[in-house]
There are 2 protein chains.
Amino acid sequence: MNTIDDIDRRILRELQRDSATPLEELGTRIGLSRNACWRRIKALEAAGVIDRRVALLNPGTLDLGLMVYIQLRTSAHEPGWLEKFSRATNAMPEIMGVYRMTGDLDYLIRARVPDMAGYDRLYQRLIARVPLSDVSASFVMEEIKDTHELPL
Amino acid sequence: MNTIDDIDRRILRELQRDSATPLEELGTRIGLSRNACWRRIKALEAAGVIDRRVALLNPGTLDLGLMVYIQLRTSAHEPGWLEKFSRATNAMPEIMGVYRMTGDLDYLIRARVPDMAGYDRLYQRLIARVPLSDVSASFVMEEIKDTHELPL
DNA sequence: CCTGAAATGCACTCCAC
DNA sequence: GTGGAGTGCATTTCAGG
């Protein structure tokens, strides 16, 4: 895989902000021909730097206004617990992120639900599938910033 | 804005997983003609349900392997503090999420950096711009799940 | 590495049904 | 809602510097 230079970074910055821009405009914006631009994009895709193109949806219009972070502190887990936990959370679409953490909290879950009742249903379903101890939830009152864009 | 029916949801599910699929294939997959499919997508865009199309990048290939959650517990902040905090965090690209929370922690920051040294630089820059008290960081050891896809 | 042009294919529109 | 057909532009390939 080739090293990523400055021009690549500018291309990536544009694409992760908006991938619908025509090649022509993208090229002129970064001072490259449409064609050279295209070749770099293909190379970045082949190298796995660009993972995929997706549509970003608006949570507010889909009745998913409540974001919640669930913190888990574990007791001693039996062998195979992590495997079961991983399968359970991966099978639950409301759960968008699951992270094993340093520090005093062991696992952190990021989820989106319509409202408090929706959180309760999620919680009930989760503890029914995996034994959990010491669960606490924090709800997002205000999203000051929330982006998928990586710092380049 | 029209209500979103089951077929719309299936379209959205496909698009937020992969927006590069040709209309033809997308149509057959959900059992709709290319044409009807296209009309629904345009309607969803007009209604703001589909926000935009973006490229998703691979953090591992861009030397952004470390994800960190920074927890802030506030002391009494002077007026205008939130405004300053918001501007500062929005101007820092490593910071991908900033949330005002319920519960004992007041603000939660999600950020991506290359490594521990990168985190320290971020931390130093942040406290230089905004007065903060009671800052604690938790680092992601393992990403068990991490997706942008909303539950539909 | 790049540019510019040619060929392909798809998005998009309009049509009749 | 379906399918077909036509236009134009984006994407891709190719020839060449």
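Numbers restart at 1 for each chain; the letters A, B, ... are given by sequence-line order, proteins then strands.
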Consider the side chain of [X], meaning its heavy atoms from C-beta on, and name the nucleotide among [options] that approaches it most closely.
| X | options | result |
| --- | --- | --- |
| Ala36(B) | dG1(D), dT3(C), dT12(D) | dG1(D) |
| Asn35(B) | dC14(C), dT3(C), dT2(D) | dC14(C) |
| Ser33(B) | dT12(D), dC2(C), dT2(D) | dT2(D) |

Examine the side chains of Tyr99(B) and Arg110(B) and answer whether a donor and an acceptor come within less than 3.5 Å of each other. yes
Is it the case that Thr21(A) and Glu14(A) place a side-chain donor and acceptor less than 3.5 Å from each other? no
Rounded to the nearest angstrom, tell me the gap between atom [atom1] in [X] and atom [atom2] in [N].
| X | N | atom1 | atom2 | result |
| --- | --- | --- | --- | --- |
| Leu32(B) | dT2(D) | CG | P | 4 Å |
| Lys42(A) | dT13(D) | NZ | P | 8 Å |
| Asp8(A) | dC1(C) | CG | C1' | 13 Å |
| Ile41(B) | dA11(C) | CD1 | C1' | 11 Å |
| Leu26(A) | dT12(D) | CG | P | 13 Å |
| Arg39(A) | dT13(D) | CZ | P | 11 Å |
| Leu15(B) | dA11(C) | CG | P | 11 Å |
| Trp38(B) | dT2(D) | CH2 | C1' | 15 Å |

Looking only at the aromatic ring of each residue, does the gap between the centers of Tyr119(A) and Phe139(A) stay below 6.0 angstrom? yes
Taking atom CE of Met141(A) as the centre, does the number of heavy atoms from other residues, nucleotides or ligands within less than 6.0 Å exceed 12? no
Using a cut-off of 4.0 Å on non-hydrogen atoms, how would the nucleic acid contact of Arg40(A) be classed: base, sugar-phosphate, or nothing? sugar-phosphate
